[in-house]
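One-based numbering, in listed order, for ligands and for the atoms of each. Side chains included, hydrogens not; waters and symmetry mates left out as well; all remaining heavy atoms used. The first residue of the sequence shown is numbered 1, and numbering continues consecutively from there. Just so you know, these numbers come straight off a predicted model, no measurement behind them.
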Amino acid sequence: MRAVVSVGGSVLVPDLDSGRVTAYADVFESLLDEGYELGLVVGGGRVARQYIGAARNIGANEMALDQIGIGVTRLNARLLIAALGERAAPRPPESYETAATALHRGDVPVMGGLVPAQTTDAVAAGLAETVDADLLVYATSVAGVYSADPDEDPDATRYDEISTNELVDVIGGIEMSAGSNAPVDLLAAKIIQRSDTRTLVLDGSDPDRIRRAIIDGDHDGTEVVP
Ligand code: UTP
């Protein structure tokens, strides 16, 4: 079983806590011990938002801000690489092919961002498609896919299960309202749709939830089914 796990920066490094990073690495190592093949993608979290905010105030344009964001995601990826030790490829791959090569060699690729104008949600979907993953997991601070932005709409309900086509419709609708939170971005949803990748979106604030979701299928989030 080959799984790609996207670990949001807000769940891996809400604060810079080495014990927390180690706890995620321990879960990934236990999955490797059980015979799973893993590809990992790490987000930028609060530090990325702080850097982007500071650079925006200075007057940097959106492309430059995205490059700063990518830099922070790769820095976070290096933390997880440090915690995984020799089981991980030594640096964050900067292309899907480099990541796939690492995976085929038996190393865990730990990616950050790739190119401007997207987020690591899309990187995770792209990596899953590249390596023909059996499962893609978004371990995020949004506990699943909702019918609307739960911060904006009190009637928003969480889907237990949704098809890849429905995912694109739902995310497209949420993204149209300015400033809203979507659990994955629209590009990620489109890649999941075309690759028909089985995907879980779940609250990843406790690393053990990721392990239980992958091993037992036990989770409270949303399953996106081909
Ligand atoms: P994240 O993937 O963490 O963005 O990348 P996010 O989803 O906005 O953050 P969370 O999940 O809410 O914490 C951080 C930033 O890095 C840039 C973007 O600016 C993004 O907002 N980035 C990341 C890219 O430009 N390209 C990438 O491939 C990845």
What atoms of ligand 1 come closer than 4.0 angstrom to any heavy atom of [X]?
| X | result |
| --- | --- |
| G113 | 27 (C), 28 (O), 29 (C) |
| P116 | 25 (O) |
| G43 | 3 (O) |
| G44 | 1 (P), 3 (O) |
| A117 | 25 (O) |

In Å, rounded to the nearest 0.5 Å, how long is the span from [atom1] of [X] to [atom2] of [Y]?
| X | Y | atom1 | atom2 | result |
| --- | --- | --- | --- | --- |
| I210 | D203 | CD1 | CG | 9.5 Å |
| L79 | L84 | CG | CG | 11.0 Å |
| L40 | M111 | CG | CE | 11.0 Å |
| L38 | L32 | CG | CG | 4.5 Å |

Whether [X] side chain and [Y] backbone form a donor-acceptor pair below 3.5 Å:
| X | Y | answer |
| --- | --- | --- |
| Y138 | D121 | yes |
| R74 | G113 | yes |
| R209 | G204 | no |

Please confirm whether [X] comes within less than 3.5 Å of ligand 1 when only nitrogen or oxygen atoms on both sides are compared.
| X | answer |
| --- | --- |
| V115 | yes |
| L114 | yes |
| D66 | yes |
| S10 | no |

- Query: Are N165 and S163 linked by a side-chain donor-acceptor pair shorter than 3.5 Å?
  - Reply: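 No - no donor-acceptor pair under 3.5 Å links their side chains.
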
With backbone taken as N, CA, C and O and side chain as the heavy atoms from C-beta onward, which portion of [X] lies under 4.0 Å from ligand 1: side chain, backbone, both, or neither?
| X | value |
| --- | --- |
| V123 | side chain |
| R49 | side chain |
| A122 | neither |

- Could you walk me through whether T73 and V42 pass side chain to side chain contact (heavy atoms under 4.5 Å, CB included), step by step? CA-CA 6 Å; T73 60; V42 177; 5.9 Å; no

- Message: Under 4.0 Å and counting heavy atoms only, is there anything from the protein next to atom 11 (O) of ligand 1?
- Response: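 Given the 4.0 Å cut-off, atom 11 (O) of ligand 1 does not count as touching protein heavy atoms.
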
- Message: Counting only heavy atoms, tell me which of D121, T119, V142 gets closest to atom 8 (O) of ligand 1.
- Response: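 Minimum heavy-atom distance to atom 8 (O) of ligand 1 goes to T119.
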
- Message: I'd like to know if D26 and R211 make a salt bridge, using a cut-off of under 4.0 Å between side-chain N and carboxylate O.
- Response: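 Answer for the salt bridge query: no.
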
- Message: Does this structure show an ion pair linking D132 with R2, if we count only N-O contacts that are shorter than 4.0 Å?
- Response: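 Salt bridge flag = no for R2 with D132.
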
Heavy atom of [X], distance to ligand 1 below 4.0 Å:
| X | value |
| --- | --- |
| G8 | no |
| G112 | no |
| G9 | no |

- Message: If you count every heavy atom of other residues, nucleotides or ligands that lies below 6.0 Å from R91 atom CZ, does the total exceed 12?
- Response: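 Atom CZ in R91 is not crowded, with 12 or fewer foreign heavy atoms closer than 6.0 Å.
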
Could you check [atom] against the protein and tell me its nearest heavy-atom contact, residue, atom and distance included?
| atom | answer |
| --- | --- |
| atom 5 (O) of ligand 1 | T73 CG2, 3.7 Å |
| atom 2 (O) of ligand 1 | T120 OG1, 2.5 Å |
| atom 15 (C) of ligand 1 | G69 CA, 3.9 Å |
| atom 22 (N) of ligand 1 | Q118 O, 3.3 Å |

- Taking the side chain as C-beta and beyond, is there a heavy-atom pair between R20 and V13 under 4.5 Å?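 No, side chains not in contact.
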
